[in-house]
Amino acid sequence: MDASYNILVIDDDEIIHNLLSSYFSTRNYTVFSAFRCEDADKYLQEQRIDIIILDVVLPGKSGLQLVETLKAKYEDLPVLMLSSQGSVGDRILGLEIGADDYLSKPFSVRELELRIKKLLGAFYAKRHSVSDVRQHWVLNAEHECVTRDGLKVKLTNTETKLLELFINNPNTSFSRDDLSIALYGNEHNPLDRSLDAHINRLRKKIEDDPKEPRYLKTVWGKGYRFFNA
Amino acid sequence: MTNMSAIEELEQSLGTDGLSRFLESSIPLFRNNLAELLKALEQQQWEEAADIAHKMQASALIFSTRGFNDSLDNIRKQDKTLIETSAFKMYLIQQTKYSLQQICAKYQIDI
């Protein structure tokens, strides 16, 4: 977390921009200021933005609408929302539509910095591990096959969906319910062993020793997790 | 009463010089926001006043008083029986004037 980071602040209050620029410019961050949602696009296209600080209430398009648009377009870009102290509804809605954290106005700049660091750390770890996995594992969902370190393996449709989920979320535990919902749209039936059977068949295809899996591991009491070992 | 603890926290975060620069650039903006707010109240533009009150909420606790901040809530809620009175507008002016005088005296800001 020693690198320099670019923060895009979207708020209609110039004093907030002054405050955040004064504070963060001495702490290895560069602050870009947008006063309206529409101005944010320019920075997102022209700069590498690492995190967005966004006020919920803005002139023109609302901050909540912008969160939705941003998250659809830049899934890996953390968004911290600023909201008024009393507006619990806005905060809940903001989090539901994809904001990663929120802070009520007025706020402490130190608390904001801590939250920014936490978000940047979490997103960096996720991005880093996904890109690391993708160096070794190339999944072709259309042709239902995966190439691991140059070795191509044919998969079934279900195995492809499972592996896609795991590759895109390395080091993340998935319960049988999570996997069942992702595959079939409903929760796992404890009497149904087909999910475990799919996992076992996938292991036979991707593991050197399926009995001692190196990549697709069982997490006792939780489900399964994919490691880029 | 002025919320000096907010200013003092900022002094710790920005340093004395950084705080002075921040105050010098931001106090005129705060005064300008207050003038716009009073104008909107005078013209009974309640929606506009509520938008300005929302915009000022974060900085109000730095530059004015807890009472001023509560008044911004009244404006945001468009509590017309209260906010359309002259006494209410006078209260906003007095609270800010008193608070800014204290800040400028303490940090030797001449604006």
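Numbered from 1 within each chain, the chains take letters A, B, ... in sequence-line order. What you see is a predicted model; the values in this text were computed from it and never measured.
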**Asked** Relative to chain A, which of Arg21(B), Gln12(B), Met56(B) shows the most heavy atom pairs under 4.5 Å?
**Response**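 That would be Gln12(B).
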**Item:** Leading residue by heavy atom contact count with chain A [cutoff under 4.5 Å; candidates Gly18(B), Ala58(B), Gly15(B)]
**Value:**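 It is Ala58(B).
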**Asked** Which members of residues 9-23 of chain A, sorted by number, sit under 4.5 angstrom from chain B on a heavy-atom basis?
**Response**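 Checking residues 9-23 of chain A against chain B gives Asp12(A), Asp13(A), Glu14(A), Ile15(A), Ile16(A), Asn18(A), Leu19(A), Ser22(A), Tyr23(A).
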[atom1]-[atom2] distance between [X] and [Y], expressed to the nearest 0.5 angstrom:
| X | Y | atom1 | atom2 | value |
| --- | --- | --- | --- | --- |
| Phe24(A) | Leu14(B) | CZ | CG | 10.5 Å |
| Glu9(B) | Arg110(A) | CD | CZ | 6.0 Å |
| Asp55(A) | Gln57(B) | CG | CD | 10.0 Å |

**Contact class of Asn33(B) relative to chain A, heavy atoms under 4.5 angstrom** = side chain
**Engaged part of Leu10(B) at the chain A interface, taking heavy atoms whose separation is under 4.5 Å** = side chain
**Asked** How about Gln43(B): does its CD atom have over 12 heavy atoms from other parts shown lying under 6.0 Å from it?
**Response**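 Yes, CD of Gln43(B) has more than 12 neighbouring heavy atoms, counting only those of other groups under 6.0 Å.
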**Message:** If you count heavy atoms of other groups shown closer than 6.0 angstrom to CD of Glu187(A), is the number above 12?
**Reply:** no
**Asked** Pairs in or reaching into residues 79-107 of chain B: which pass salt bridge (Lys or Arg N to Asp or Glu O under 4.0 Å), with residues at least two apart or in two chains?
**Response**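 Residue pairs passing salt bridge (Lys or Arg N to Asp or Glu O under 4.0 Å), neighbours aside: Glu8(B)-Lys106(B), Glu42(B)-Lys89(B).
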